[in-house]
Amino acid sequence: MIRSVVRGNGAALPRRIMKNADFEGMVETSDEWIVQRTGIRQRHVAADDETTASLGEAAARAALSSAGMTPADIDLIILATSTPNNTFPATAVEIQNRLGMHHGFAFDMQAVCSGFVYAVATADLYIRGGLAKRVLVIGSETFSRILDWNDRSTCVLFGDGAGALVLEAEEGVGAITDRGVLAASLRSDGVHKDKLFVDGGPSTTGTVGHLRMEGREVFKHAVGMITDVIEATFGDAGITAEDLDWFVPHQANKRIIDASAKKLGIAEQKVVVTVDLHGNTSAASVPLALSVAVADGRIKKGDLVLLEAMGGGFTWGAVLLRW
Ligand code: UT7
């Protein structure tokens, strides 16, 4: 059985760090409120010369280097983003060009905060279907560009950044002991589309628009949706929470992460939390969290890792993989 095995990972963050206190003169908020309600302490914010494409390229180069590969080795790039450089062409194609890659194919995937989880599941299908052997999966976002900087209920929550993985086809035995992607579950339900959205677009306003969120409504649904999709993934893989080595959730809110881990019976020391460092970076949050836990030596070859995300749409999903 063909498996999609992680060969390398990388990340890139804008140079500028914005601390919670930096908002205090801009909107009516406080470091205390932001930390207590979300766990966020700082986020990176892109400068004019830092874009979804440039951050994605940097994360991709870091992932290729850690895999010991060059762009010539890659035959597919999937970029998860909701903040593309242009309405079209896909920013994945721009990254392909920046990497000097003129073979293979590249496309964007838009599932907001669940984008990276969707993209890993999609890359796995391309690999197992035989259409690609080595895939660069990138999550890159510049949400700072679509924030309403006068809206305290959203502007303090999000940040910019990028993360990437290189996945490669490898023959496995078809058991849970295999390395690579072992199970995935994806969900969406557009009935919730107005709870977290951007109020502009090419086909409606002809503008880019700003992010709007009914935070309390999103919060209300998040834990149930996350735990349902993870339980489905556990069921497909025939494992329980105790078998996991690491839980790498979407980094939107520490309270959502804690409540989900508790409901699933995942021990606190197995949960990777980076929301304090990066804020909510949408499709970049899971690969950024992975990059921190790999760099500090927590996630090692052979570890069983659960990725999870939930966001606008709503979309939600989980991927189980052995690193
Ligand atoms: O990545 C996609 C998924 N997104 C999420 O998972 C986000 C989910 N939602 C959340 O994380 C939380 O709902 C928030 C962090 C957005 C808000 O936390 P909350 O505990 O649900 O607060 P709330 O919306 O119920 O607001 C409580 C109060 C309100 O004031 P009143 O109505 O009680 O007077 C808000 O106006 O806090 C106020 N508030 C703020 N106060 C200081 C809202 N934003 C701020 C702020 N600073 N930045």
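Read the numbers this way: they start at 1 and go in the same order the structure lists the ligands and their atoms. For the single chain, residues carry numbers from 1 onward in sequence order.
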Donor-acceptor contact below 3.5 Å, side chain Ser65 vs main chain Arg61: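 No: the side chain of Ser65 does not pair with the backbone of Arg61.
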I'd like to check whether [X] has a polar contact with ligand 1, where a contact means an N/O of the residue lying under 3.5 Å from an N/O of the ligand.
X      : answer
His250 : yes
Asn253 : yes
Gly215 : yes

Exercise: identify the closest heavy-atom pair between Val112 and Glu141: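 Taking Val112 first and Glu141 second, the nearest heavy atoms are O-OE2, 4.3 Å.
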Nearest atoms (heavy-atom pairs only) where Met225 meets Trp316: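 Scanning both residues completely, I find the closest heavy atoms to be O-CD1, 3.1 Å.
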Residue and atom name of the nearest protein heavy atom (relative to atom 29 (C) of ligand 1), distance in Å to one decimal: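 So the nearest neighbour among protein heavy atoms is Arg216 NH2, 4.5 Å.
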Nearest non-hydrogen protein atom, atom 48 (N) of ligand 1: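 Answer, as residue, atom name and distance: Arg152 O, 2.9 Å.
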Pair Arg128 + Asp124: basic N to acidic O under 4.0 Å: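 Answer for the salt bridge query: yes.
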Sub-4.5 Å side-chain heavy-atom contact between Leu244 and Ile266: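 Yes, side chains in contact.
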For atom 28 (C) of ligand 1, the option (of Phe143, Trp316, Phe158, Trp33) bearing the nearest heavy atom: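 That would be Trp33.
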Candidate with minimal heavy-atom separation from atom 19 (P) of ligand 1, of Lys195, Lys220, Arg37: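 Selected option, by shortest heavy-atom distance: Arg37.
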Proximity of Val112 to ligand 1 by residue part, where a heavy atom lies under 4.0 Å: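 Contact part for Val112 vs ligand 1: neither.
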Contacting atoms of ligand 1, where contact means under 4.0 angstrom from a heavy atom of Asn280: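 Those atoms are 1 (O), 2 (C).
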Ile34 near ligand 1 by a heavy-atom separation under 4.0 Å: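 No heavy atom of Ile34 comes that close to ligand 1.
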Thr142-Ser144 side chain donor-acceptor pair, cut-off 3.5 Å: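 Their side chains do not contain a donor-acceptor pair, so the 3.5 Å distance test is not met.
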Flag: protein heavy atom within less than 4.0 Å of atom 31 (P) of ligand 1: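 There is no protein heavy atom less than 4.0 Å from atom 31 (P) of ligand 1.
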